[in-house]
Amino acid sequence: MMEVQITSSLKDVKRFLKENTGAVVCDIETTSLAVTKGEIVCMAFAPVKNQHVLVWWPRSAKSISRLVLHKGVFHNAHFDLKWLHHYGADVKCVWDTMLMAHLLDENRKIGLKELGQRVLGYDDWSLDEIQDIKAASKEKVSEYVAKDVHVTRELMKWQKSEIRKNKKPGFRPYWIMKNITLPAIEPLSQMENNRMPVRLDKLHEVEGLVESQLAEIDQKLDSMIPHPDEWPDFLKGKDPKWGSTNWTRWWLYDYCGATCVNRGKPNKHWPEGAPSLSQATLAKVNHEGARLLSERSRLHKIMTGFIVPLRERGETGRVATSFKLTGTVTGRLSSASPSSDDPGINSQQIPRDTKIRNLFGEKGLAWIEADYSQLELRVAATLAGEQTMLELFRQEQDIHSYMAEKLVGTKDFTKEQRSLAKGVNFGFLYGMHAKHFANYLQESYGVVISQKDAEKFRADYFNTFSGLQPWYRRQRAFCLRYGGVPNAFGRFRNLPRVYDEDYWVQENAFRQAINSPVQSTGSDFMLISLSRLAGDLRLRRLGAKLITTVHDSVCLTVPYKNARKAAKIIKETMERADDGLRQDFFIKADVEISRYWGGETLAAY
């Protein structure tokens, strides 16, 4: 039974923490999700070694700045530390029960209430009375936050027990948390605090350009509308509406006669299945109307997904974003608009379209983008022990050019043939079948091939890189035995569906047993690099600031005079991310300096 004490005295807090020198659970209650929009109302402390709980209602922000806690335990330390550090508190985290819950089972929900009920058997302790925390009574809020830290304390004990019981080979959740995910909180917080710089003058220019392009497409489409007498009964009396609508389906496939290559669920208008209007489908339809609709869809997504949000949310010249360490099953970072209090953008979804990337940059500062080169291929080659690939990377050869030469039989290959080779390398890396490859190649690289060519390319690929398929078989056997697979660092991907009775469900799980360790190892390399860059005093002295990360790349700003020095440090740091592993992954980072994201390269390393 927990023993709860409530205080407003900093002296009581200091005395309490002094008497409990081990790990102490901490949780804060705030009036907003955004640091700049609210305040800390209270916080609770719960020593791991006993049942005591202290709830503190600080009298001032200054008293919070004097808080010292070096062995903190949190559930979502990313949130709590961001607030506490904003106030100037000296607080460090040694255990995060949310991060650990994700490492133990990435397939389940990891909210504290969910875990408390599912794992520990507690009843839901949510209180309707504290939805408006400013209006709630001190007693009710204290009761709630005390229960939070108590459950977190019990959850940490349960997690330690689970780790001791788990004997799966290669599984190292505590090592991952201590050395990768907890250190990654600092760079993510830095990027969130720095916010992404927006070139407002360029934004207005691009918005006008996209609007004119959309208007031109709509004008062309409108000119192709038939007389209303030709419309079907279910559309008569309605205005033509372009987009993912029944009007557009009828116009393209029934009126224009375009060949439908993919259908959705049947409905009363299309009993055989509603014709698809997805961009992937439209790309395969050989018709002028499909090309116009595809381009209209692309531009519309750019306008609504990025240009309008940037205009509305970046009027100060900077726009918010947020990152999450537990948003994907592989451990890859995810991003989102931070909150309704502080709306922003999902920086992981920023398209490669130069028009959009050029919108980010800061006057007077150079933009540095550092991108891991062919990271998944390098990781897969090392994990599989694929000797031909490894030798290419050892000799610093371009694997896509090597494969292009193999496919066409000459060193004089075209740009399209290199794109084909790139598609072959990435498409077949995870064992893709030939029947899916032609679609993948067209959708991802715009290259069209026959089914016969797809089968030939697949055979050539696995003959060239003969070490991959034996690795697939080893991964399959390991997964069947242990219910999942680890990555190079010890992050485990749980794959219970390898035991499913449905063949295709099982096969999908086996594919994940191949790609998950590769993707998560690459992601962990990036997290390690981000942590090291965030803590590098040389970069700090040069004025470099972390801005964002997108999959295998990271972006920073730095004064022009220091850009070259910073770029070399960044490259060196990223290429040493595997120094904690026995194997050499031949990591290579390409670093470019420009005036803004995606701009003309001023220098490259």
Side-chain angles (χ1 to χ4, degrees), residues 103 106 168-173 175-176 179-181 328-333 371-400 402-403 422 424-433 458 461-495 498 507-529 551-552 574-589:
L103 290 169
E106 71 286 359
K168 289 180 285 197
F171 183 42
R172 298 198 298 167
W175 192 96
I176 294 282
N179 295 285
I180 297 180
T181 55
T328 67
V329 291
T330 62
R332 275 184 178 273
L333 281 175
D371 188 11
Y372 275 127
S373 172
Q374 302 164 358
L375 183 60
E376 288 190 21
L377 291 170
R378 294 170 190 271
V379 172
T382 307
L383 294 180
E386 209 305 301
Q387 293 305 311
T388 303
M389 276 189 179
L390 290 173
E391 188 57 31
L392 288 171
F393 293 133
R394 255 186 225 105
Q395 296 177 8
E396 298 189 359
Q397 289 191 41
D398 177 18
I399 194 169
H400 300 320
Y402 174 84
M403 180 51 67
K422 189 175 181 180
V424 167
N425 281 330
F426 286 117
F428 292 133
L429 179 63
Y430 301 127
M432 183 182 289
H433 292 293
R458 190 177 194 275
Y461 183 80
F462 287 112
N463 284 334
T464 302
F465 303 126
S466 58
L468 289 176
Q469 289 185 317
W471 175 59
Y472 299 163
R473 292 190 286 272
R474 293 196 299 272
Q475 290 295 97
R476 192 182 187 101
F478 188 102
C479 195
L480 276 171
R481 183 171 182 182
Y482 297 106
V485 288
N487 77 354
F489 291 99
R491 187 191 291 268
F492 201 85
R493 176 75 174 97
N494 293 283
L495 296 166
V498 294
E507 282 300 302
N508 183 55
F510 283 133
R511 280 193 292 275
Q512 291 179 58
I514 296 166
N515 63 37
S516 287
V518 175
Q519 291 176 0
S520 67
T521 298
S523 172
D524 285 341
F525 283 145
M526 178 53 73
L527 293 179
I528 289 168
S529 295
H551 303 310
D552 297 336
M574 291 178 67
E575 292 182 346
R576 287 191 294 105
D578 63 348
D579 58 9
L581 298 170
R582 293 179 181 178
Q583 296 164 294
D584 185 349
F585 282 74
F586 304 100
I587 298 175
K588 184 175 185 293

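Note that these values count all heavy atoms, side chains included, but never hydrogens, waters or copies made by symmetry.
- Ile528 has its side chain out of reach of Met574: every pair of non-hydrogen atoms, C-beta onward, lies at least 4.5 Å apart.
- Nearest heavy-atom pair across Ile399 and Asn425 is O-ND2, 3.5 Å.
- One distance of note links CG of Leu333 with OG1 of Thr328; it measures 7.5 Å at 0.5 Å rounding.
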Requested in this report: Assess whether side-chain hydrogen bond (donor to acceptor under 3.5 Å, both in side chains) is satisfied between Gln374 and Asp398, documenting all intermediate values.
Outcome: CA-CA 9 Å; Gln374 302 164 358; Asp398 177 18; 3.1 Å; yes
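- Among pairs with a residue in residues 512-527, those fulfilling salt bridge (Lys or Arg N to Asp or Glu O under 4.0 Å) read Arg491-Asp524, at least two apart in sequence or across chains.
- Rounded to the nearest 0.5 angstrom, Gln395 CD and Leu390 CG are separated by 11.5 Å.
- Side-chain contact check for Ile180 versus Trp175: some heavy-atom pair is nearer than 4.5 Å.
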Query - Stepwise ring pair (Phe, Tyr, Trp, His ring centres under 6.0 Å) check, Phe510 with Tyr430 - result: CA-CA 10 Å; Phe510 283 133; Tyr430 301 127; over 10 Å; no
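- Using a 30° and 60° split on the angle between ring planes, Phe462 and Tyr472 fall in the perpendicular class, above 60°.
- Side-chain contact between Met526 and Tyr372: present, with at least one pair of heavy atoms (C-beta onward) separated by less than 4.5 Å.
- The closest side-chain heavy-atom distance from Ser373 to Arg378 is below 4.5 Å.
- Using a distance-only test at 3.5 Å, with no hydrogens or angles considered, a donor-acceptor pair links the side chain of Gln387 to the main chain of Gly385.
- Note: Ile587 CD1 to Ser529 OG = 7.0 Å, rounded to the nearest 0.5 Å.
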Query raised in the report: Checking side-chain contact (heavy atoms from CB on, under 4.5 Å) for the pair Met403/Phe465: CA distance, chi angles, key distance, verdict?
Result: CA-CA 10 Å; Met403 180 51 67; Phe465 303 126; 3.4 Å; yes
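- A heavy-atom distance below 4.5 Å is not found between the side chains of Phe489 and Ser520.
- Shown here are the salt bridge (Lys or Arg N to Asp or Glu O under 4.0 Å) partners of Glu106, two or more places apart in sequence or in another chain: Arg493.
- You'll find the side chain of Phe171 reaches within 4.5 Å of the side chain of Pro173, heavy atoms only.
- Salt bridge present: Arg476 and Glu507 bring a charged side-chain N and a carboxylate O closer than 4.0 Å.
- Taking the ring centroids of Phe585 and Phe393, they lie at or beyond the 6.0 Å cut-off.
- Within the structure, every pair that satisfies the side chain to side chain donor-acceptor pair (under 3.5 Å) test and touches residues 580-589, not counting sequence neighbours, is listed here: Lys588-Asp590.
- Judged purely by atom type and a 3.5 angstrom limit, Asp578 has no side-chain atom pairing as donor or acceptor with the backbone of Leu581.
- Taking the side chain as every heavy atom from C-beta outward, Asn515 and Val518 never approach each other to under 4.5 Å.
- Between Leu383 and Val379 there is a side-chain heavy-atom pair separated by less than 4.5 Å.
- Remark: the backbone N or O of Gln519 is not paired with any side-chain donor or acceptor of Ser523 at under 3.5 angstrom.
- The backbone N or O of Gly522 lies less than 3.5 Å from no partner atom in the side chain of Arg332, so there is not a single donor-acceptor pair.
- In terms of the ring-ring contact (aromatic ring centres under 6.0 Å, His included) criterion, Tyr402 has no residue partners (sequence neighbours excluded).
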Report task. Test ring pair (Phe, Tyr, Trp, His ring centres under 6.0 Å) on Phe426 and His400 and set out the steps. Result -> CA-CA 10 Å; Phe426 286 117; His400 300 320; 5.4 Å; yes
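- Judged by distance alone, with hydrogens and angles left aside, the side-chain atoms of Thr521 form a donor-acceptor pair with the main-chain N or O of Ala488 at under 3.5 Å.
- The distance from atom CG of Leu377 to atom CZ of Phe586, rounded to the nearest 0.5 Å, is 14.0 Å.
- Listed for the Glu386 side chain is no donor-acceptor partner under 3.5 Å among the backbone atoms of Leu468.
- Gln475 places no side-chain N or O within donor-acceptor distance of the main-chain N or O of Ile514, the cut-off being under 3.5 Å.
- For the atom pair CZ (Arg576) and CZ (Phe525), the distance works out to 13.0 Å, reported to the nearest 0.5 Å.
- Here the closest non-hydrogen pair linking Asp552 and Asp371 is O-OD1, 3.2 Å.
- Contact record, Pro517 with Pro486: CB-O, 3.7 Å, taken as the closest heavy-atom pair.
- For Arg394, the salt bridge (Lys or Arg N to Asp or Glu O under 4.0 Å) criterion is met by Glu391, not counting sequence neighbours.
- Judged as a salt bridge (Lys or Arg N to Asp or Glu O under 4.0 Å), not a single pair has a partner in residues 477-490 (not counting sequence neighbours).
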Query raised in the report: Where do Phe492 and Tyr482 land on the ring pair (Phe, Tyr, Trp, His ring centres under 6.0 Å) test, with the steps shown first?
Result: CA-CA 10 Å; Phe492 201 85; Tyr482 297 106; 7.8 Å; no
